[in-house]
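Just so it is clear, the values below take in all heavy atoms, side chains as well, and ignore hydrogens, waters and symmetry mates. Note that the structure is a prediction, hence the values are computed from the model and not measured. Chain letters run A, B, ... following the sequence lines, proteins first, then strands; residues in each count from 1.
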Number of protein chains: 2
Amino acid sequence: MSVHRPTGTMRRRVRLSDIAEAVGCSVNTVSRALTGKDSVSPVTRAQVMAEAERLGYVPNNQARSLVLGSTRTVGLVITNPSNTLYAGLISSVELRCRALGYTVMLLATEESPESERVAAESLLHAGVDSALAVPVQAEAGHWERLRRAGVDLVFVSRELPGMDVDFVGIDNEHGAYQATAHVLDAGARVVWAVEEDLPISTVRQRRDGYLRAIADHAADPGSARVLSVPTRRRDSLTLPWQAEEAYRLAGRLVADGDLPDAFVAGNDYFALALIRALTEHGLRVPDDVLVVGYGDHPYAGYLTPTLSSVALPATELGSTAVDVLMRRTAEPEAPTTRHLIAPHLIPRESTRR
Amino acid sequence: MSVHRPTGTMRRRVRLSDIAEAVGCSVNTVSRALTGKDSVSPVTRAQVMAEAERLGYVPNNQARSLVLGSTRTVGLVITNPSNTLYAGLISSVELRCRALGYTVMLLATEESPESERVAAESLLHAGVDSALAVPVQAEAGHWERLRRAGVDLVFVSRELPGMDVDFVGIDNEHGAYQATAHVLDAGARVVWAVEEDLPISTVRQRRDGYLRAIADHAADPGSARVLSVPTRRRDSLTLPWQAEEAYRLAGRLVADGDLPDAFVAGNDYFALALIRALTEHGLRVPDDVLVVGYGDHPYAGYLTPTLSSVALPATELGSTAVDVLMRRTAEPEAPTTRHLIAPHLIPRESTRR
DNA sequence: TTGAAAGCGCTAACAG
DNA sequence: CTGTTAGCGCTTTCAA
């Protein structure tokens, strides 16, 4: 522990007027020179630039935002940064926004409607120009209010039924369809789906995809069954989601001798937990039961057995979302759009017969 | 696709003067009433509050920041949001900041020094009051500049040698020591460490811990060996870090018949890749070789074998970091502090003899 | 307790 | 091409 001392001189922040004084012109001219307006003589501009550089001028964004009426900030409301998909989303959104000269204000809701309402409120206070949100999907009042306040909004990953808002998501129906068709192709006759018990659009879409694949390909469509895993979060941020619950679920099924030929899991955590539970009861994957995951966690290719899973293009999701947001800002009256990005199945050992 | 229409009236934002007019007092009185100053009569205050509520007043933070000279924003500079530890950090920092009335501005550097410099610049422009950063650890010039501009700074997770800055991190030396001592206790005689080839403090600390444990407990200290895995990122955001490289490394070792009794991995990805490579070559974990991971990924308890790993308290890391930051802001001249949070080993099957 | 006036740092009109 | 003037919405002196 040493004594803290501000390194160097802790001088007052440089303002336009400082440059103006140094150069010998008006504040206004400095402003125009710096913001690249053409109504400045080359020589004056050069002087201003040089002086700004020398003085280490950093524009005051508060002042600028105040007069311009725009903060060049986009809000990013995420349910859970620890979810691989959303972690990737955060990265790509930040990257794209920065490239466009926007700043990202991050809010995490942890799947709590209350927290989400507060988050929307924060966005309003912060004066963001626009926002990207993965809605918790309980209420929509705060989102409506945000838009009414002039904040452009785009929903990502999950959509809110009644709301006429741009949406960028993943084609989960297709993803689940692929996964299901895949295990059916691999010879499974009875295939069950395991999903989160959250009332969100992604879960519904996956279920639809699963059911459609069963209807299209299964020998006995009546064997379809959707198991719901309790996912109500109890506490923490760092999470084995409700892998624990999926694990218990599988344990019960095995104990009851009630098993399908294959499981289509709603996420990789579930898949892993299922495999673990099956393995502990002496069953083998893929020999006795096939398991497909969803999300293609970076771990998937290194597990034993390696896990077949549906890869979700997080990066594309994020960059597309930002692009859509920018387009919306540019053309507020344009028709609402809906983008679905196709995920793709990556077959590995867990479904190999 | 339906036509986009701003829901409801897209009215002008409500200002203090609107409230003042409605109530019949001065703007100034409204301001005092709203900010809880005591020099306002109870009745006026009530009127103001009511009117503000009715009109849906939202303070303009740009204006407020401009005059107050504070944005109540903290910058959070992270190398990689997809890293489990940092994802947890993001959540907990956001949570704590929000509770304190601060907003989080997120920047991701992707381990690039150049990107980090730009990030620091962005913080300056955005006018954050303070910042939390996981430094890439190449240069420090931009951090110095940030502090000189009056931005309070706290390094998280990794520290920068020469800089006299508050630090909140994990006691990796201790973590690696525990992991190493654990496998030694479990009967391993030759234990090797596998680390990332990044020139960052965490890697160095883990190596130190490993070496100290070997010196303390190993039958043959000369058998110590530290393997470095190339981690230079080539492209993407979604990453199996360089699990691939670790996998190759292990493959080569097996091919050469050059194996220890146990591996102490620098992260869980490495551990998983090692296990996979060993398994593919007919070796078994833990029967033939023990493997300990680092980070305790939520998956760890569901792998086969379940993975022994060192759990890192991400939540505590984040909340402590914010607390330290706030303390620094409150007392700019206080001595620099250094907090180390203890991680703890979670023994599982991969090291069970 | 309240109001008038000034100003945070910047940009946008409008003259010159 | 440049300077003057005004004002973004808010808080803070300072009088009344």
Side-chain angles (χ1 to χ4, degrees), chain A residues 11-49 51-52 55-73 101 103 124-129 149-150, chain B residues 11-49 51-52 55-73 101 103 124-129 149-150:
Chain A
R11 70 227 163 183
R12 206 183 81 283
R13 188 164 173 175
V14 179
R15 294 164 302 185
L16 285 189
S17 59
D18 297 319
I19 302 177
E21 193 175 358
V23 173
C25 66
S26 78
V27 172
N28 182 332
T29 301
V30 176
S31 169
R32 281 182 313 217
L34 255 25
T35 50
K37 294 282 189 305
D38 43 344
S39 46
V40 180
S41 81
V43 23
T44 321
R45 157 163 291 132
Q47 279 182 294
V48 169
M49 297 303 236
E51 203 59 25
L55 262 31
Y57 172 71
V58 172
N60 181 320
N61 251 305
Q62 277 60 55
R64 172 180 276 221
S65 296
L66 184 57
V67 51
L68 255 31
S70 154
T71 54
R72 289 194 81 80
T73 294
T103 261
L124 219 49
H125 284 244
V128 300
D129 298 336
Chain B
R11 69 229 163 182
R12 206 182 81 282
R13 188 164 172 174
V14 179
R15 294 164 303 185
L16 285 189
S17 59
D18 296 319
I19 301 177
E21 193 175 357
V23 172
C25 66
S26 78
V27 173
N28 174 339
T29 302
V30 176
S31 169
R32 282 182 314 218
L34 255 25
T35 51
K37 293 282 189 305
D38 42 342
S39 47
V40 180
S41 81
V43 23
T44 323
R45 156 162 292 134
Q47 280 182 295
V48 168
M49 297 304 235
E51 203 59 26
L55 262 30
Y57 172 71
V58 172
N60 181 319
N61 252 303
Q62 278 60 56
R64 171 179 276 219
S65 296
L66 183 57
V67 50
L68 256 31
S70 154
T71 54
R72 288 195 82 80
T73 295
T103 261
L124 218 50
H125 284 245
V128 299
D129 298 336

**Under 4.0 Å protein heavy-atom contacts per nucleotide of nucleotides 8-16 of chain D, with B for base, S for backbone only and - for none** = BBSBBB---
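- Residues A:His125 and B:Val58 form a side-chain contact, since some pair of their non-hydrogen atoms from C-beta on lies under 4.5 Å apart.
- Phosphate contact (OP1/OP2 of C:dT1, side-chain N/O of B:Ser39, threshold under 4.0 Å): absent.
- No donor-acceptor pair closer than 3.5 Å links the side chain of B:Ser17 to the backbone N or O of B:Val27.
- No donor-acceptor pair closer than 3.5 Å links the side chain of B:Thr44 to the backbone N or O of B:Val40.
- Residue A:Glu21 contributes atom CD, which lies 15 Å from atom C1' of C:dG9 at whole-angstrom precision.
- Remark: side-chain polar atoms of A:Arg72 are not paired, donor with acceptor, to backbone N or O of A:Ser65 under 3.5 angstrom.
- Residue B:Thr44 places no side-chain N or O under 4.0 Å from the OP1 or OP2 atom of C:dT1.
- A donor-acceptor pair is defined here as one N or O able to donate and one able to accept, closer than 3.5 Å; such a pair exists between the side chain of A:Thr35 and the backbone of A:Ser31.
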